Structures are given as C-alpha cells and as structure tokens.
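In what follows, a single structure is set out as structure tokens and then discussed.
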Amino acid sequence: MAEAPPNSVPDRLDWHLKAHPHLAERIYRQVLVALHKGGVTSIDAIHDEARESAGRPRLQEGGDPNQLERDRLSDTERQHVETIIRRLTGAHFSGEEIDDLVNLTIKQEEVHNLETVANQANVSFRQLADKIQRFSELPLGETKLAPAEVMGTRVALIRHFFSDQLEFIGIAKNHLQIRDFADVTRHIIGSDAGMGRIGGKAGGMILAYKILADADEKAGGSPFLPVAMPESYFLRSDVVEDFLRLNRLHEYANQKYKPIDDVGREYPLIRGVFRIGDFPLEIVQRLRSILTAVGNHPVIVRSSSLLEDRLGTAFSGKYASVFVANQGSLEERLRTVLAAIAEVYASVMAPDPILYRREHNLIDYVEEMAVLIQKVVGVHVGDYFFPPFAGVAFSRNEYRWSPRIKREDGLARVVMGLGTRAVDRVGSDYPRMVALGAPTLRPESSVQEILRSGQQTMDVINIKRNRLESIRVQEAFEQGDGIPMIDRIVSVYRDGDLFSPPGLHIDARPDQLRVTFDKLIRTTPFAARVRDMLARLEDAYGMPIDMEFACDGEKF
C-alpha cells in the first residue's frame, strides 16, 4: 500500500521531493513561479532575501540599463531560496495545491520526454506508445499544461499517427489532446518495431468526433442522439509494405503508370492474387485476438489511405470498403477478414483511384494503404442486422428545389438500413432529402410522387446467410418488433394518404408502411442537430465538409 502523504504542507513538499529527487529543482521552481504569479511575493524579492540571509547586503536599485541588475546566486544562496520557498509554502498553500503543483511539474517533464521521443524520425511504435500511455496515466490535476507547452508534442504525434499534411495538422493540433492518442494506440495493429500512420479516413473520423464531442460537453445537457464513434481498430500503413514484401508483389507497384485500359483489364487478376496472399504472423495473431473480443458482431473493413480524406482530395468511394457479416468459427471469420483487407490493398490498383490521382496530380505519390476495421452500427432484427437509419450530410446544399432553401444550411440524405444507398441513388430508390434549414420541404409535391420515389429496398447484413444483401423494406417490417425509432421512420399508407404513427405502437400491416422519416423530421430536433454538427465541423475546418453517419436508435 502506498504511503499516505503527510498533512503538514512543508512535510508534504518534502514527501514529494523524496519521491521525485530528479525533479527537485523543477518542483522548487514551480512553487516559486506560483508564489510570484499568485502575488504572494516576487522572484526578485525572494532572491534578495536569500542574498541577505547568506550575508550579502541588499542590492540598491540602479536603473542603469547597461549594468547587470543582479548576479547569479551562489550554491549557498540557492539553499536559502529553498528555505524561503518552504516557509512561504506553508503559509500560503494547502496540501492539495502542493500536490497539484508537483503533478504539473511531472506532466511538464513527461510531455518534454514524449516530445523528444516523438520527434525522432526512427522511433518505433512501441517506444512511442509506451511514452503516451505513461503520460496518460498521470493524474489530471486542477492545473492543466498551457497550450504552448503541449502544442509541439501534439504536432509530432499527429504527424506520426495521422498525417503530414500541414493543413490537417493545423486543425487537429487545436482539438486532439495527448491523452486522446492513448486510446488510439491501444487499437492500432502493426509491428511493435515498425511505425506507420492510420490513414486519412481514420484520422478524419477521430478528429471530427473530438470536435463534436467537445462541443456537446461544453453545451451541457443531454443532446438529442449523443455523438459516438464506432468501436474501431487501425491497421497501420506500414503493414501493407510487409504484405507486399512477404508475397513478392512489388511488381504491381507501377500499375498506376500503365494505360487505363490495361489497368482495368488487369485489376481482377491483381485482386485475386492479393486475396490469397499471406500476412505476417504477428498481424494474424492480433486480428485473431480482436475477432475473439468482437465476437460475431458484423464488421466493415474500410480503406484509410494516406491520400484519403486529405483536405481538398476526398477520394470518396474510390477505394474498397467490405462488409463482413462475421459469422461462423473464429478461423472462418479470420480468413474472411484477411481476404477483405487484401481486397482493400488491391483497390489501390483499381482504375477509378488511379484516374482520380492523375486528375489531381497525385500519381507519383507513394500511396500507403492503412485499413480501418469497425464494428458495424446497427441492431439485430430477426435474421438481419442494420442501423435504423444512416446517411450522408453536406454543409453546403447544392441541390435546392425551392427558393426557401439556402445553400449554407446544408443537406442530408437519409435511408433506412446501411448507409450505402444514401451515397448514390440505386435503381428507382431515392434517399429522403432533408434541406436542413427547411426540413419539412420535400422535392415531391404529391403523395403519389412520394410513394414512387420513396425507399423500396434497403441494404442489410443477413446474419443467417452470412453476407451483405439488399431486401425489400417490407421484409424488415415483417420480422416483427425490434426496429428502434420505427414510428419516426415510417408513415402509414391508408385510403390514398400518408399518416405519421400517433404513438410508439404502429397499428398497421407491414405492407401499409412506407419509409418517409416524416415524424423524425417534424417532431424531433434531428435536422437542427445535423445542421449544428456540420456548422461546427465547417467552422473548425474552414471549408465546406460532408460526413457519413449512422444511428443505432440511441446514438449518432
């Protein structure tokens, strides 16, 4: 059991000095600064008193700018300074305040050590992760480190783990704290001896979550649909190099320079070759342990390249994202996830991203693909797994069907089920278009138009068949109760008109239900909530943004 600190303030200070002898000089200095800033005395006054105690006469104020105002203290005089500090500490500070000042000193020391390590070009992941973890385990304390003291460390960590793009660093350093990296490093997959980034999509998601969560905390209260981030794991960008080297696949690195017809013709072959490639044993073991912890919850394996989601080049939909139902034995699930990762790696050599890179003068950039593995947001409904609703939202509305709709108010496209159908129209289906400044305005002018353009099909994960599939929305309704917020998602079609359910219970047959989101939009702050999120993100980024979202019925 740890020794309890003494109650006497001078004894409390001695207790800390004994516990941290290598920080003794810095602890005394921290207390001295606190005495000065607190108006108890001044540094000069303490130094003058120390000189007198050592037998030197008090200095006369000369006021001559060309003459040294005070000389350096001798070792004896420095000992007197410590004695004076101890006396003043006992008279003006409590034991808790001394604890806080010592904790601040320790944090300053640790952040300095962390910044030194983080700025080393050849630092290993394990070295840096251990330093971050050590810092995050320190007590928070009442007094926080000044922003200037930690900014350099934040920048170094962002550069190591997220991006070297100056525009991204300039935003992220004002929102991500050192302790935020502790949780990130616990979810990173990669060699302890190596170092790589988690990619643009992962970095953008973490930053956006931090911006929105901090805004909610400052606003207080309980927001409608609190913001949350799916449980995520990050396969570092250096792992793809290990994969290519292990399988001798570097011959495909120059696909990006071939004629685009050749790229398209050869891509299916490359994807097949990658899919049967081997992974380093330690990566396989780490993924096995993650899947053991995740269980049979569906996951999505997403691209998170270093180019992806950079400011100015979004790469939306260019690289592969693979839904994995994640059913069966552990080894079966592991093989499927490994195949999905390999497919994401191969998508770097697909025609669409290569054309996009050529258009944006990025073709010579050495693309390193990180991978984001996430638990899919959703609920079990019979044989299916899906979120009640999902979608994509834009801070600028470029599709305005009424003069009452303003571009700067933003737009959301919302669907029932997985958000895949919100990105683009599929067949005759349209997502629900929500002009966030005038949410009840619809592009359709009649009930018949709403029915014709309304969502007929939804994307789900079929747990029984162990795959992603599209089903008629009525099939989900026929599974019975269990769809959260269903009364806010559907309207009842009866006697040639649409009616919002008056309560939580829906008194209608499945074939009478239509996906409209009318009640969600009219009776909840959903539109205002999304509009506020977009405004906060755009303010932080300094440019128009878009975001993907999903809801499990309780969180956004």
Side-chain angles (χ1 to χ4, degrees), residues 9 12-13 16-17 19-20 22-47 81-82 85 88-89 92-120 123 128 130-163 166-185 206-207 209-211 213-219 536 539-542:
V9 174
R12 179 81 65 103
L13 182 57
H16 282 299
L17 291 169
H20 308 284
H22 63 296
L23 293 177
E25 184 178 347
R26 294 194 61 180
I27 291 171
Y28 274 119
R29 187 172 68 203
Q30 194 75 259
V31 177
L32 175 60
V33 170
L35 289 166
H36 181 96
K37 287 185 174 181
V40 174
T41 184
S42 69
I43 289 178
D44 286 345
I46 290 178
H47 286 179
V81 168
E82 294 176 0
I85 289 173
L88 294 173
T89 297
H92 296 281
F93 289 136
S94 66
E96 290 74 18
E97 287 171 324
I98 289 299
D99 293 344
D100 189 49
L101 289 171
V102 172
N103 183 50
L104 181 61
T105 306
I106 297 170
K107 286 191 292 186
Q108 288 172 334
E109 178 73 6
E110 288 296 332
V111 81
H112 170 75
N113 293 338
L114 176 56
E115 183 173 357
T116 300
V117 172
N119 279 317
Q120 294 174 4
V123 64
L128 192 51
D130 287 347
K131 283 287 184 183
I132 293 169
Q133 193 63 40
R134 178 170 171 171
F135 178 86
S136 69
E137 290 171 356
L138 294 174
L140 284 170
E142 289 293 326
T143 306
K144 295 182 178 180
L145 292 169
E149 292 182 282
V150 297
M151 203 60 74
T153 308
R154 291 181 186 177
V155 168
L157 294 178
I158 292 165
R159 185 176 287 114
H160 267 296
F161 290 115
F162 293 165
S163 174
L166 292 178
E167 293 87 347
F168 180 87
I169 293 172
I171 299 165
K173 70 181 183 182
N174 296 314
H175 298 279
L176 295 174
Q177 298 179 356
I178 296 171
R179 293 173 190 268
D180 296 325
F181 290 88
D183 188 58
V184 172
T185 56
I206 293 168
L207 175 57
Y209 168 73
K210 182 66 175 173
I211 292 169
D214 285 351
D216 282 351
E217 185 177 349
K218 289 177 182 176
R536 292 185 186 279
D539 181 63
Y541 274 79

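Keep in mind that this is a model prediction, so the values were computed, not measured.
Annotation: side chain of N174 is in contact with side chain of M151 (closest heavy-atom distance under 4.5 Å). Between Q108 and Q30 the shortest side-chain heavy-atom distance falls below 4.5 Å. A 4.5 Å side-chain heavy-atom check between F93 and V31 finds at least one atom pair inside the cut-off. Side-chain contact between F162 and L207 is absent, with no heavy atoms from C-beta onward closer than 4.5 Å. The side-chain heavy atoms of T105 and L101, taken from C-beta on, include no pair separated by under 4.5 Å. At least one side-chain heavy atom of L145 sits under 4.5 Å from a side-chain heavy atom of L104. Using a 4.5 Å cut-off on side-chain heavy atoms (C-beta onward), N119 and T153 make no contact. Between E109 and N113 the shortest side-chain heavy-atom distance falls below 4.5 Å.
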Task: Evaluation steps, side-chain contact (heavy atoms from CB on, under 4.5 Å), between D214 and K210 - done: CA-CA 6 Å; D214 285 351; K210 182 66 175 173; 3.3 Å; yes
Open item on the list: Does L176 form a side-chain contact (heavy atoms from CB on, under 4.5 Å) with L157? I'd like the steps, not just the answer.
Closed with: CA-CA 10 Å; L176 295 174; L157 294 178; over 6 Å; no
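When the shell of 6.0 Å around CD of E142 is examined, it contains 12 or fewer heavy atoms from other residues, nucleotides or ligands.
Here L32 contributes atom CG and I85 contributes atom CD1; the two are 4.5 Å apart, rounded to the nearest 0.5 Å. Here the CD-CD distance, from E25 to E82, works out to 8.5 Å after rounding to the nearest 0.5 Å. Here L17 contributes atom CG and I27 contributes atom CD1; the two are 5.0 Å apart, rounded to the nearest 0.5 Å. Note that the CZ atom of R12 and the OG1 atom of T89 stand 12.5 Å from one another [nearest 0.5 Å]. The CZ atom of R26 lies 12.5 Å from the NE2 atom of H20; values are rounded to the nearest 0.5 Å.
The closest donor-acceptor contact from the side chain of H36 to the backbone of I43 lies under 3.5 Å. Looking at D180, its side chain does come within 3.5 Å of a backbone N or O of Q177 through a donor-acceptor pair. Between the side chain of H160 and the backbone N or O of A118 there is at least one donor-acceptor pair closer than 3.5 Å. With hydrogens and angles disregarded, no donor-acceptor distance shorter than 3.5 Å links the side chain of N103 to the backbone of D99.
Ring geometry, F181 versus F161: the interplanar angle falls from 30° to 60°, so the pair is classed tilted.
Across all non-hydrogen atoms, the minimal contact from A540 to I211 is CB-CD1, 3.6 Å.
Scored by the side chain to side chain donor-acceptor pair (under 3.5 Å) test, D130 finds R126 as partners (sequence neighbours excluded). Remark: T143 pairs with D100 by the side chain to side chain donor-acceptor pair (under 3.5 Å) rule, at least two apart or across chains.
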Atom pairs and distances, side-chain donor-acceptor, residues 134-141, under 3.5 Å, sequence neighbours left out:
residue, atom, partner, partner atom, Å
R134, NE, E110, OE1, 3.4
R134, NE, E110, OE2, 3.0
R134, NH2, E110, OE2, 3.1
S136, OG, I132, O, 3.4
S136, OG, Q133, O, 2.8

